Amino acid sequence: MHDTGAVPIQRSGETGKRGTPGKAGRKEWTGLAVLILPVLLVSLDMQVLSYALPFISAELAPSGSQLLWIVDIYPFVLAGLLLTMGSLGDRIGRRRLLTLGAVVFGLASVTASLATDPVLLIATRALLGLGGATLMPSTLSLIRTMFTDDGQRRAAIAVWTGAFAAGAVLGPLLGGVLLEHFWWGSVFLVNLPVMALLLLLAPALLPESRATGPGRFDLLSAALSLAAVLPAVYGIQKTAEDGLHPVPAAAFAAGLAVGWYFLRRQRRLDEPMLDVRLFGDRAFSASVATSVLAIFSLVGSGLFTTQYLQMVLGYGPLRAGLWALPAAGAALASSALAPLLARAVRPVAVVAGGLVVAAGGYGVLTRLDADSGVAVIVTGTVVMAAGITLVMTTTSDLVIATAPADRAGSVSGLSQTATEFGGAFGIAVLGSIGTAVYRHDMARHLPDGLPPGAASTARDTLGGAVDTAGRLPADTGADLLAAARDAFAHGLRVASWTTVGLLLAMAVVSGFLLRHTVRSGGGTPGEETADGTAGQVGEPAAVEAGGPDGRAGDGR
């Protein structure tokens with residue numbers, strides 16, 4: 001048979017015969033339980049702060065800008081360093097990086113819980129982002145090493161994705177429970193026992209793995225990757241906060257320029273931090289792009305639903321958190337279903353179908369108003385979480401399956417950088433849409449007779465309106481609350497319609513780009529793979545055909 005130039009899928013520990021790698025045993029599956037600890041915790045930490053913000057505002061009195069940085073600095077630093085840390089793990093050892101990250105994450109958690117001013121809390125949240133950036137790529141790349149059988153790897157990634165999605169949904173519940181009984185710093189101290197357990201079990205249950213010939217670590221590339229992310233993130237955040245102004249626009253443009261130079265440098269290096277040729281594989285690039293939009297939708301919905309439950313429906317933190325449980329259950333069930341679906345139908349059907357399901361969930365959220373009650377929001381988030389988890393599980397497997405074993409860390413870092421960026425953009429973009437609608441409506445419907453300072457605060461955010469209403473006469477306060485809740489619900493509906501459109505558009509795009517991928521296990525005999533050859537039972541999922549040099553092609 002002639003050489004098709006298909007990108008090979010290399011795996012650490014393969015027997016050398018394609019389609020017959022060794023099976024993972026009890027130790028590997030127990031090790032997977034250890035690996036999902038940091039995944040669950042990092043995902044929780046992205047969400048758990050949402051319910052603590054009113055308490056932090058009351059005690060530390062941060063400015064509006066400082067409050068945004070308290071929320072945003074963690075995912076931004078996480079996104080900026082994931083690629084660097086994934087590449088570092090390939091060189092020094094992925095288990096070693098995981099344990100170092102656990103130490104940093106634990107120490108930062110203690111410091112954050114004891115913060116006495118906003119600047120210190122922002123700094124420790126940045127340190128948490130650094131610790132998280134060492135944890136996340138290590139977990140996925142170790143899965144790549146520990147589970148060399150295709151079916152077992154998919155099942156392991158399904159568990160990994162379920163933990164990530166469940167953490168994002170359960171974060172508000174955990175925050176609610178803690179804040180009902182303890183002070184706001186307790187949301188950080190919950191990290192300590194988990195990190196201690198990881199440090200105790202990792203040496204016995206997780207194998208050490210590193211690249212066989214990784215080359216030197218490129219400090220300039222690491223600096224460039226961070227320098228590309230942070231100005232771009234600053235520009236997005238400031239634009240979402242204050243509108244379009246020259247300084248944030250220039251910062252965003254500078255970030256893009258540095259990012260372009262970073263990619264150009266990677267193309268010239270013999271041992272790049274990021275192998276940009278992977279983006280020539282349509283399955284890889286489409287999976288990364290779809291993951292970005294999936295997490296964009298998941299995190300963006302959390303931004304609105306927690307505020308709706310607490311400040312529109314008036315639920316306390318614990319009661320509001322309990323209403324997140326149905327969505328968490330849907331995410332776990334969906335992550336278990338994804339590998340089964342991938343064996344029955346092509347991955348493209350699972351991805352596109354999951355996007356359509358998620359769009360349906362957001363469609364339910366477009367029916368929300370201030371008087372809808374809890375049933376509409378729970379139904380919408382359950383359907384949305386189920387669809388998003390189907391997508392994330394399948395695309396994570398497609399991404400990691402294309403990664404050569406020696407670059408498992410850097411590819412894992414890239415995949416998670418993309419998803420973290422998706423979360424950050426979800427907060428910034430959907431948050432700015434909701435805020436713009438809220439402020440527009442409040443400017444038109446603000447009750448008469450409010451003091452100037454109170455009017456300005458109420459127009460700014462729903463939280464400001466709730467706080468202001470409590471200090472006004474009963475009738476005036478009730479009118480203000482009604483106007484603010486209606487304005488917030490309107491903003492939520494507009495953001496939801498926006499997300500419905502994005503998800504449906506991505507379903508069409510991913511359906512086109514992933515149309516050549518075959519069923520889990522390589523399809524059935526005679527089924528055409530991406531390289532035009534007949535697939536055989538037991539072969540790994542096909543990747544896109546490339547050129548005669550074995551590099552990833554452009555899919556044309």
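Keep in mind the model is a prediction, meaning the values are calculated, not measured.
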Atom pair [atom1] ([X]) and [atom2] ([Y]), whose distance is rounded to the nearest 0.5 Å:
X: Leu355; Y: Leu390; atom1: CG; atom2: CG; result: 9.5 Å
X: Thr389; Y: Leu332; atom1: OG1; atom2: CG; result: 8.0 Å
X: Ile157; Y: Thr394; atom1: CD1; atom2: OG1; result: 10.0 Å
X: Lys27; Y: Leu206; atom1: NZ; atom2: CG; result: 8.5 Å
X: Thr290; Y: Met392; atom1: OG1; atom2: CE; result: 12.0 Å
X: Thr124; Y: Leu114; atom1: OG1; atom2: CG; result: 9.5 Å

Under 4.5 Å between any side-chain heavy atoms of [X] and [Y], yes or no?
X: Ser221; Y: Gln266; value: yes
X: Leu503; Y: Val356; value: no
X: Thr134; Y: Leu81; value: no
X: Leu128; Y: Phe188; value: yes
X: Val77; Y: Arg125; value: no
X: Glu28; Y: Leu205; value: no
X: Val508; Y: Leu504; value: no
X: Leu127; Y: Thr111; value: no

Least distance between heavy atoms, [X] atom then [Y] atom:
X: Ala327; Y: Val382; answer: N-CG2, 3.7 Å
X: Leu189; Y: Ser109; answer: CD2-O, 4.5 Å
X: Gly106; Y: Leu192; answer: O-CD2, 3.3 Å
X: Ile36; Y: Ala33; answer: CG1-O, 3.2 Å
X: Leu514; Y: Val348; answer: O-CB, 3.4 Å
X: Leu98; Y: Leu135; answer: O-CD2, 3.4 Å

Give the intermediate values and the outcome of side chain to side chain contact (heavy atoms under 4.5 Å, CB included) for residues Trp29 and Met146.
CA-CA 9 Å; Trp29 289 108; Met146 293 161 60; over 6 Å; no

Check: [Y] main-chain N/O paired with [X] side-chain donor or acceptor under 3.5 Å:
X: Arg154; Y: Pro339; result: no
X: Ser186; Y: Phe182; result: no
X: Thr381; Y: Val378; result: yes
X: Thr30; Y: Arg26; result: yes
X: Ser113; Y: Val110; result: yes
X: Glu208; Y: Arg96; result: yes
X: Arg95; Y: Pro207; result: no
X: Tyr362; Y: Ser297; result: yes

Any side-chain donor paired with an acceptor under 3.5 Å for Trp160 and Thr139?
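Their side chains do contain a donor-acceptor pair, which is all the 3.5 Å distance test asks for.
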
Using distance alone, with no hydrogens and no angle criterion, decide if Ser225 and Thr84 have a side-chain donor and acceptor under 3.5 Å apart.
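Note: Ser225 and Thr84 side chains meet the donor-acceptor criterion.
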
Mind checking side chain to side chain contact (heavy atoms under 4.5 Å, CB included) for Leu199 and listing every partner two or more places apart, or none if nothing turns up?
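Counting only residues at least two positions away or on another chain, Leu199 forms a side chain to side chain contact (heavy atoms under 4.5 Å, CB included) with Thr99, Ala102, Val103.
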
By side chain to side chain contact (heavy atoms under 4.5 Å, CB included), Leu502 pairs with (sequence neighbours left out) Leu293, Phe296, Thr498

For Met384 and Leu365, what are the C-alpha separation, side-chain angles and deciding distance, and is it a side chain to side chain contact (heavy atoms under 4.5 Å, CB included)?
CA-CA 9 Å; Met384 180 274 301; Leu365 296 181; 5.7 Å; no

